[in-house]
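A quick write-up on the structure given underneath.
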Amino acid sequence: MDPIKVETLLKVQQLRDQFDNLEKHTQWGIDFVEKYTKFVKERSEIELNYARQIRNLSKKYQPKKKEEDDNKYTWCRAFHSTLNEMNDYAGQHEVIAENMMSQIIAELTRYTQEIKTERKAHFHDGRKAQQQVEASWKQLEACKRKFERDCKEADRAQQYFEKMDADINVTKADVEKARQQAQMRHQMASDSKNEYSSYLQKFNQEQNEHYYTIIPNIFQKIQAMEEKRIERMGESLKTYAEVDRQILPIIGKCLDGITQVAESIEPKNDSSQVIESYKSGFEPPGDVEFEDYGQAMKRTVSETSLTNSRTDSKGDRSSKSKCKPLWPFIKKNKGANPEDFSHLPPEQRRKKLQAKIDDINKDIQKEMDQRDALTKMKEVYIKNPQMGDPNSVDPRLAEIAQNIEKLQAEAQKFEGWLAEVEGRMPVKSDPPKRTSVLYETQNNTPPTNNNCAQDRESPDGSYTEEPSSEVQSKVQPETAESGDEFDDADEEIQPTIGTCKALYPFDGVNEGTISVTEGELLYVIEEDKGDGWTRVRRNEEEEGYVPTSYVEVFLDSNAKDVFSWRRVFLSEDS
């Protein structure tokens, strides 16, 4: 026999009288497994609650629709990316809870039921074997008491026979009867002895088998069950740690993502975005001219002249009092905003008008798509009358045609306002042009009457009153003659603010643009103002606009700072 098995058997035999204590110990082990299972279950609930709270927190601080414009700033995008990473972070804690439920709690719950059933079977077998030994012992005791009783009866019968045999007064028949009774009792005692001896041998054999075979086997099974329980407990603890360890790399990636978006924040770019968003497009006002009120004193003083001068002075004062103050001292309009966005500065007004036109064009496209679909449906109905009445589509087609007409009219209205703004500002769709002659004339016209430039200029620089017919008649010939041409003779050469290198070739076929070749070096004289065009110069005679995306600009540090803070100054004062 294997020495290890013999040693184990000897150890088990030492517990043969500790059956009840083993039963209590194994029950305590199962209770401990259930206690550990409850611990893991509560831990998974904590993970789920934590994940739910993190998700709710992330959802709470997600940007609303009205805050979507904030995404143009890198620090806002970094925070929003952090919220998304935290949402993924919460998902990993949900994974922890799910894995604990499936890999630990479910397994231990199933195993606990199995070990309870196995333990119940082992101790049932043990109790059964113990009951059999106890029953055999009781039967052995009964045989022993019967043998003892029969021996006593045989002794009394023998003594009675001997007494009867010695008494001369007793008949021979009575003596014979006592002798037979004594023999019978001796025979019964002899049979009881044999039975007792036989059962004693049987009991000793059963008892030996019980304590050296049956009970040790049962205890070995209980020991194996206990060792397996302890082993499963260790495996479960490893799984508990492994479930956390598996999600650590993913959590690390979430944290790395937060670090990356934090490092991607660009303060200078964000400040430039602020400048781009709020720049007004106003030109700084010119110097205020000296108004000489002493000229009237040089004239001959008379009643008529005095009266006239007073009248003229009143007229001048009244005309000047009507003129609105120049930017940046203008006040913003209060109340409802006009439909043409004239309450906004020129640059912002252009953006609003362009966005409005884009929205209207999208609506027109939707209506046209519906019209095309209905037209195809009508053609199908005409070819297959059984599918529907072609005339049933006509009312909807007429309604769509009216909607398209209204939208096109509205688009033309906004395009007219946009054209008014673009007369002073360059846009992407059209290469940047100089200010229209009409605008220059109106701004350069001296305030000789009450309809001065400031009278027609709203706080944002847009005109609210129509110019006089006299001014229009003077301006129109010049406009027809010059149009949008550059007047290089009257324009001073602008200083350069940096250099640029052409990344791609560009054919400047449109008016105001300049052709460049790939790799060509040029001077930058005007930075991109948000319209996608940069003004460059090749020499003193050749200059124009090129797409900003076609060149790599290297601005001088001093010029860049001056332009940036100049824009900030303009936007703050607006």
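Residue D244 holds its CG atom at 10.0 Å from CG of N99, rounded to the nearest 0.5 Å. One finds the CD1 atom of I364 at 10.5 Å from the CD1 atom of I357 (value rounded to the nearest 0.5 Å). Atom CD of E520 sits about 8.5 Å away from atom SG of C500, to the nearest 0.5 Å. Atom-to-atom distance recorded for I258:CD1 and F79:CZ is 10.5 Å, nearest 0.5 angstrom. In this structure, CG in D256 is found 9.0 Å from CD in E85, a value given to the nearest 0.5 Å. We find the CD1-CD distance between I250 and Q92 to be 4.0 Å, quoted to the nearest 0.5 Å.
The nearest pair of heavy atoms linking D531 to D528 is OD1-OD1, 3.1 Å. Here the shortest heavy-atom pairing between Y61 and L83 reads O-CD1, 3.1 Å. The shortest heavy-atom contact between R55 and A90 is CG-CB, 3.7 Å. In this structure, I497 and E527 approach most closely via the heavy-atom pair CD1-N, 3.8 Å. Listed here is the closest heavy atom pair of A51 and E94: CB-CG, 3.4 Å. Taking all atoms of both residues into account, the shortest heavy-atom contact from L503 to S549 is CD1-O, 4.4 Å.
For the side-chain contact (heavy atoms from CB on, under 4.5 Å) with K356, the lone residue among D358, L353, I360 that qualifies is I360.
The main-chain N or O of V261 is found under 3.5 Å from a side-chain atom of S264 such that the two form a donor-acceptor pair. Using modelled atom types, no side-chain atom of T534 and backbone atom of V546 make a donor-acceptor pair closer than 3.5 Å. Using modelled atom types, no side-chain atom of R538 and backbone atom of G544 make a donor-acceptor pair closer than 3.5 Å. The closest donor-acceptor contact from the side chain of S58 to the backbone of I54 lies at 3.5 Å or more, if one exists at all. Although no hydrogens or angles enter the test, the distance criterion places a donor-acceptor pair under 3.5 Å between the side chain of D270 and the main chain of T74. Between the S44 side chain and the M101 main chain, no donor and acceptor come within less than 3.5 Å of each other.
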Audit row: R43, I96, side-chain contact (heavy atoms from CB on, under 4.5 Å) steps and yes/no: CA-CA 10 Å; R43 162 72 192 281; I96 291 179; 4.1 Å; yes
Audit row: V95, E47, side-chain contact (heavy atoms from CB on, under 4.5 Å) steps and yes/no: CA-CA 9 Å; V95 171; E47 293 291 342; over 6 Å; no
side-chain contact (heavy atoms from CB on, under 4.5 Å) between I514 and E543, intermediate numbers included: CA-CA 6 Å; I514 184 174; E543 66 178 42; 5.5 Å; no
Criterion side-chain contact (heavy atoms from CB on, under 4.5 Å) on N56 and K60, from CA distance to verdict: CA-CA 6 Å; N56 291 338; K60 178 181 177 181; over 6 Å; no
Evaluation steps, side chain to side chain donor-acceptor pair (under 3.5 Å), between N539 and E542: CA-CA 5 Å; N539 49 50; E542 292 184 82; 3.2 Å; yes
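Residue Y523 places its OH atom among 12 or fewer non-hydrogen atoms of other residues, nucleotides or ligands, all under 6.0 Å distant. Remark: Y550 OH is loosely packed, at most 12 non-hydrogen atoms of other residues, nucleotides or ligands lying under 6.0 Å away.
The side-chain contact (heavy atoms from CB on, under 4.5 Å) check on Q260 picks up nothing, with sequence neighbours excluded.
Under the 4.5 Å side-chain criterion, counting only non-hydrogen atoms from C-beta, Y73 is in contact with V274. Proximity of T513 to W533: side-chain heavy atoms (C-beta onward) are separated by under 4.5 Å at one or more points. The shortest distance between side-chain heavy atoms of L522 and V516 falls below 4.5 Å. Between R535 and Y545, some side-chain heavy-atom pair lies under the 4.5 Å cut-off. A heavy-atom distance below 4.5 Å is not found between the side chains of L57 and Q53.
Under the 30°/60° scheme for interplanar angles, the aromatic rings of H93 and Y50 are found to stand perpendicular.
Residue pairs meeting the salt bridge (charged side-chain N to carboxylate O under 4.0 Å, His left out) criterion with at least one member in residues 403-414, sequence neighbours excluded: E339-K413.
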Distance-only donor-acceptor hits, side chain of residues 367-381, under 3.5 Å, sequence neighbours excluded:
residue	atom	partner	partner atom	Å
D369	OD1	Q365	NE2	3.0
Q370	OE1	R396	NH2	2.7
T375	OG1	R371	O	2.7
K378	NZ	D394	OD1	2.7

